Engineer: 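Dumping the structure here so I can ask a few things about it.
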Amino acid sequence: MAETRTALSKMEAAESELVWNRETVPKVLKIVSTRLSQRDLVSLLLVSPWLYRSLVSYPSIWLSLDFSEMGNAGNRLVAALSLPRYCYVKQIKLEFAQDIEDKHLELLKIKCLNLNGCQKISDKGIEAITNACPMLKVFSIYWNVRITDMGIKHLVKNCKYVTELNLSGCKNISDKSLQLVAENYPKLELLNLTRCTKLTDHGLQQILLKCSFLQSLNLYALSGFTDEAYKSISFLTQLKFLDLCGAQNLLDEGLACVAKCVNLVCLNLTWCIRVTDVGVICIAQGCTSLEFLSLFGIVGVTDKCLEALSRSCSNTITTLDVNGCIGIKRRSRDELLHLFPHLKCFKVHS
């Protein structure tokens, strides 16, 4: 009798474990796997054949590949794309990946591509990837000095649905690229032109006049634009993020036009040295949803602009940088908290 009970207990335990493995564990894995990095998921595949089968049965967790900062990334990418589990991959991150060349891009068919820091990619590589991925929506190629206007020509010719474009540090693109982008991507939502030093007012104004759906515009470290170009930012009625750090030619008149972007949430005016209280007060009156504002290094602003900002944005501003603003006397933590009770971050730039 005891032996029978023991046998039954073992059978029940085995059946319970089987149910657990078939039903509960896959559900748990499906939840947990969405929070794990690709590298952790690949490590789990090696634990057991059963775990391998469970994980690969969920295509939704194999939609992204991340080879950021990896060596031999080109060959790794080719090998990964040959695996069935990555047949539906939509996003590939190759940020600062090593050994990525033009030839590796011919195999890709994705909607989101991050080539930031991939210095060996040229216009030829852009032609290959855009031919292979006409459905691209997000394209990022930060810090690539080999890309020229020809690469952007390939992009706009082959990919008609791009809504986010990061060309930060692509120093060899010119106004021609901006004209191509403006003419082909009127519904563009994000554009990063940081340190694209060959650009002029003409190119920027093409973007500002034709890409009216922009929500994020990064013009960091571009000192060549004039106040006339900045005035046209007023056309971007849906703009939420604007970085004008280092805009040395931005005047109060231009900033007053920026103030017409009433949906602005984040505004970086660091080192906009010609701005005064007049311009910042216009921002305070027009952009009443501001959460982030940097006035770092602007000596022409005083306590007046802070008082105006407090009247309009005291309930929204959580990040404020007034370091280096020698005209502002009330800059202590307690004084700023009195004006902006929801303030959490007092300094952005060092």
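Everything numeric in this text was worked out from a predicted model, so none of it was measured.
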Engineer: Hey, does the side chain of Asp227 reach the backbone of Gly254 with a donor-acceptor pair shorter than 3.5 angstrom?
Structural biologist: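 Here the side-chain-to-backbone pair exists.
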
Engineer: Does the side chain of Thr194 come under 3.5 Å of the side chain of Asn192 through a donor N or O and an acceptor N or O?
Structural biologist: yes

Engineer: Indicate yes or no for a side-chain donor-acceptor contact from Arg311 to the backbone of Gln285 under 3.5 Å, with no hydrogens or angles considered.
Structural biologist: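 No, Arg311 side chain to Gln285 backbone: no donor-acceptor pair under 3.5 Å.
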
Engineer: Step through the shown structure and confirm whether more than 12 heavy atoms of other residues, nucleotides or ligands are within 6.0 Å of CE on Met70.
Structural biologist: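 Counting other residues, nucleotides and ligands, CE of Met70 exceeds 12 neighbours.
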
Engineer: Do Lys157 and Glu127 have side-chain heavy atoms sitting under 4.5 Å apart?
Structural biologist: no

Engineer: May I ask whether Leu83 and Leu65 are part of the same hydrophobic cluster, defined by side-chain heavy atoms of I, L, V, M, F, W, Y residues being less than 4.5 angstrom apart, directly or through others?
Structural biologist: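 Yes, Leu83 and Leu65 fall within the same hydrophobic cluster.
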
Engineer: What distance separates Asn184 CG from Ile152 CD1, expressed to the nearest 0.5 Å?
Structural biologist: 11.0 Å

Engineer: I want to check something: taking the side chain as every heavy atom from C-beta on, are Trp143 and Gln119 in contact at a cut-off of under 4.5 Å?
Structural biologist: yes

Engineer: Would you mind telling me which of Leu236, Leu191, Leu199 makes a side-chain contact (heavy atoms from CB on, under 4.5 Å) with Ile207?
Structural biologist: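 Of Leu236, Leu191, Leu199, side-chain contact (heavy atoms from CB on, under 4.5 Å) with Ile207 is met by Leu191 alone.
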
Engineer: Side-chain contact, heavy-atom cut-off 4.5 Å: Val262 with Thr288?
Structural biologist: no

Engineer: Determine, using the 4.5 Å side-chain heavy-atom cutoff (strictly less than), whether Leu290 and Tyr230 are members of one ILVMFWY cluster.
Structural biologist: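 Same hydrophobic cluster.
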
Engineer: Can you get from Leu343 to Leu267 by hopping between Ile, Leu, Val, Met, Phe, Trp and Tyr side chains that sit under 4.5 Å apart?
Structural biologist: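 Same cluster.
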
Engineer: Side chain of Asn114, backbone of Lys93: donor and acceptor closer than 3.5 Å?
Structural biologist: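 No: the side chain of Asn114 does not pair with the backbone of Lys93.
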
Engineer: Please report the closest heavy-atom contact between Lys210 and Ala182, naming both atoms and the distance.
Structural biologist: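 Minimum heavy-atom contact is CB-O, 3.7 Å.
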
Engineer: Identify the residue among Ile233, Leu222, Thr270 that makes a side-chain contact (heavy atoms from CB on, under 4.5 Å) with Leu244.
Structural biologist: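 Exactly one pass, corresponding to Ile233.
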
Engineer: Same cluster or not: Phe340 versus Phe346, using hydrophobic residues (I, L, V, M, F, W, Y) connected whenever any side-chain heavy atoms lie under 4.5 Å apart?
Structural biologist: yes

Engineer: If you look at every heavy atom in Phe67 and Ala73, which pair is closest and at what distance?
Structural biologist: CB-CB, 4.2 Å

Engineer: Can you give me the closest heavy-atom contact between Cys266 and Phe292, atom names plus distance?
Structural biologist: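 Looking at all heavy atoms of both residues, the shortest contact is SG-CD2, 3.3 Å.
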
Engineer: Could you please spell out the steps behind the side-chain contact (heavy atoms from CB on, under 4.5 Å) verdict for Ile283 and Leu255?
Structural biologist: CA-CA 7 Å; Ile283 291 293; Leu255 198 54; 3.7 Å; yes

Engineer: Can you measure from OH (Tyr220) to CG (Leu242) and round to the nearest 0.5 angstrom?
Structural biologist: 14.0 Å

Engineer: With clusters built from Ile, Leu, Val, Met, Phe, Trp and Tyr whose side-chain heavy atoms come within less than 4.5 Å, directly or transitively, what are the remaining members of the cluster of Ile326, listed by chain and number?
Structural biologist: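 Its cluster mates, by chain and number, are Val299.
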
Engineer: Would you check if the side chain of Asp102 reaches a backbone N or O of Ser122 as a donor-acceptor pair within less than 3.5 Å?
Structural biologist: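 It does hold such a pair.
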
Engineer: Got a donor-acceptor contact below 3.5 angstrom from the Arg195 side chain to the Lys171 backbone?
Structural biologist: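 No: the side chain of Arg195 does not pair with the backbone of Lys171.
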
Engineer: Please report the shortest heavy-atom distance between Met135 and Tyr161, naming the atom on each side.
Structural biologist: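 Heavy atoms only, the tightest pair is SD-CE1, 3.8 Å.
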
Engineer: Of all residues at least two apart in sequence or in a different chain, which pass the side-chain hydrogen bond (donor to acceptor under 3.5 Å, both in side chains) check with Glu183?
Structural biologist: Gln179

Engineer: Take Glu307 and Arg330 through the salt bridge (charged side-chain N to carboxylate O under 4.0 Å, His left out) test and state the conclusion after the steps.
Structural biologist: CA-CA 10 Å; Glu307 291 166 1; Arg330 294 189 293 170; 2.9 Å; yes

Engineer: What's the separation between atom CD in Glu69 and atom CZ in Phe96, rounded to the nearest 0.5 Å?
Structural biologist: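 These two atoms lie 7.5 Å from each other.
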
Engineer: Can a side-chain donor-acceptor contact be found between Thr226 and Asn249 if the only test is distance below 3.5 angstrom?
Structural biologist: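 Judged by distance alone, the side chains do not pair up.
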
Engineer: For a side-chain contact (heavy atoms from CB on, under 4.5 Å) check, start with the C-alpha distance between Leu167 and Ile141, then their side-chain angles and the critical distance, and finish with the verdict.
Structural biologist: CA-CA 6 Å; Leu167 300 175; Ile141 192 161; 3.9 Å; yes

Engineer: Taking salt bridge (Lys or Arg N to Asp or Glu O under 4.0 Å) as the cut-off, I'd like each qualifying pair that reaches into residues 242-253, sequence neighbours left out, listed once.
Structural biologist: Lys231-Glu253

Engineer: Where do Ser232 and Gln205 come nearest, in terms of heavy atoms and distance?
Structural biologist: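 The answer is OG-NE2, 3.8 Å.
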
Engineer: Show the nearest heavy-atom pair for residues Ser310 and Leu339, with the distance to one decimal.
Structural biologist: OG-O, 2.8 Å

Engineer: Kindly indicate, with the supporting measurements, whether the criterion side-chain contact (heavy atoms from CB on, under 4.5 Å) is fulfilled by His342 and Glu291.
Structural biologist: CA-CA 10 Å; His342 299 285; Glu291 297 177 10; over 6 Å; no

Engineer: Are Leu94 and Ile121 side-chain neighbours, meaning at least one heavy-atom pair lies under 4.5 Å?
Structural biologist: no

Engineer: So, taking the atom named CG in Leu293 and the one named OG1 in Thr318, what distance separates them when rounded to the nearest 0.5 Å?
Structural biologist: 11.0 Å

Engineer: Please determine whether residues Leu208 and Val156 belong to a single hydrophobic cluster, defined as Ile, Leu, Val, Met, Phe, Trp and Tyr linked transitively by side-chain heavy-atom distances below 4.5 Å.
Structural biologist: yes

Engineer: Do Ile147 and Asp123 have side-chain heavy atoms sitting under 4.5 Å apart?
Structural biologist: yes

Engineer: Rounded to the nearest 0.5 Å, what's the gap from CG on Leu115 to CD1 on Ile92? Could you check?
Structural biologist: 9.0 Å

Engineer: Heavy atoms, side chains only, cut-off 4.5 Å: are Ser177 and Asp149 in contact?
Structural biologist: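 Contact flag for Ser177/Asp149 side chains = yes.
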
Engineer: To the nearest 0.5 Å, what is the distance between NZ on Lys304 and CG on Leu309?
Structural biologist: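 One finds 14.5 Å between NZ of Lys304 and CG of Leu309.
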
Engineer: Parallel, tilted or perpendicular: which one describes the rings of Trp271 and Phe296, with boundaries at 30° and 60°?
Structural biologist: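 Ring orientation, 0 to 90° scale: perpendicular.
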
Engineer: So, Asp99 side chain and Gly74 main chain: donor-acceptor pair closer than 3.5 Å or not?
Structural biologist: no

Engineer: Could you check whether any side-chain heavy atom of Lys153 comes within less than 4.5 Å of a side-chain heavy atom of Leu180, counting everything from C-beta outward?
Structural biologist: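 A side-chain contact exists here, since the closest heavy-atom pair is under 4.5 Å.
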
Engineer: Measuring only between side-chain heavy atoms, which start at C-beta, is Asn263 closer than 4.5 Å to Thr237?
Structural biologist: no

Engineer: Please answer whether the main-chain N or O of Lys260 pairs with a side-chain N or O of Ser234 as donor and acceptor at a distance below 3.5 Å.
Structural biologist: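 Not confirmed, Ser234 side chain does not pair with Lys260 backbone.
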
Engineer: Using side chain to side chain donor-acceptor pair (under 3.5 Å), reason through Asp66 and Ser68 one step at a time and then give a plain yes or no.
Structural biologist: CA-CA 6 Å; Asp66 188 354; Ser68 300; 2.7 Å; yes

Engineer: Decide side-chain contact (heavy atoms from CB on, under 4.5 Å) for Ile298 and Val280; before the verdict, give the C-alpha distance in whole Å, the side-chain angles of both, and the deciding distance to 0.1 Å.
Structural biologist: CA-CA 11 Å; Ile298 304 179; Val280 180; 5.7 Å; no

Engineer: Is Lys160 atom NZ crowded by more than 12 heavy atoms from other residues, nucleotides or ligands, each under 6.0 Å away?
Structural biologist: yes

